[in-house]
Amino acid sequence: MPLRYFEVDVPIHHTTNRQLHGVHVFTGEASSTSEALRIAHEVYDAALAAQQAGLEVPGKQAGGWGARGLRPDWALDWQAATAGIWNDPYSWLNTKPFEL
């Protein structure tokens, strides 16, 4: 199956103030939504382990996956994570100009 670019959205909340919440977004290449979820979780786990060990968070991995902007007081809800084909909100910028 060909690789496509996916977006994985993972709900997050502050560990001490549950009123603070949001979404952590991961993007990269995968062959399916389940693979995208698995890869996103793996790069997050690797980044968190590096951060907790006092090491630099790894940059983008194969397929463009990476986990930057980790916040120590925030928890990710992987059970509620969703994945789908990534839709570039700026794709219209890549179109050729039209003539009147």
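When a residue number appears, it is its place in the shown sequence, counting from 1.
Residues Leu48 and Gln52 are in side-chain contact: their nearest non-hydrogen atoms beyond the backbone lie under 4.5 Å apart. Inter-residue side-chain proximity for Trp74 and Leu20 is flagged as met; some heavy-atom pair is nearer than 4.5 Å.
Under the 4.5 angstrom side-chain criterion for Ile, Leu, Val, Met, Phe, Trp and Tyr, Leu55 has no cluster partners at all.
With sequence neighbours excluded, the residues that form a side chain to side chain donor-acceptor pair (under 3.5 Å) with Glu42 are Arg38. Take His13 and apply the side chain to side chain donor-acceptor pair (under 3.5 Å) test, not counting sequence neighbours, and it matches Arg18. Residues satisfying the side-chain contact (heavy atoms from CB on, under 4.5 Å) criterion with Ala46, sequence neighbours excluded, are absent altogether. Not counting sequence neighbours, the partners of Asp9 by the side-chain contact (heavy atoms from CB on, under 4.5 Å) test are Glu7, Val23, Val25, Thr82.
Here CZ of Arg71 is found 12.0 Å from OG1 of Thr15. Values are rounded to the nearest 0.5 Å. Considering CD1 of Ile39 and CD of Glu29, their distance stands at 9.0 Å, rounded to 0.5 Å. Distance NE2/His24 to CG/Leu76: 6.5 Å, rounded to 0.5 Å.
Residues Tyr5 and Val43 do not share a hydrophobic cluster, clusters being chains of Ile/Leu/Val/Met/Phe/Trp/Tyr side chains in contact below 4.5 Å. In terms of hydrophobic clustering, with Ile, Leu, Val, Met, Phe, Trp and Tyr side chains grouped at heavy-atom distances under 4.5 Å, Trp86 and Leu37 are assigned to different clusters.
Within the 3.5 Å criterion, the main-chain N or O of Val57 finds a donor-acceptor partner in the side chain of Arg68. At distances below 3.5 Å, not a single donor-acceptor pair connects side-chain atoms of Thr33 with backbone N or O atoms of Gly84.
Nearest heavy atom pair, residue Phe6 against residue Ser32, reads CZ-C, 3.6 Å.
Among residue pairs with one or both ends in residues 43-66, those qualifying as ring pair (Phe, Tyr, Trp, His ring centres under 6.0 Å) are Tyr44-Trp78; sequence neighbours excluded.
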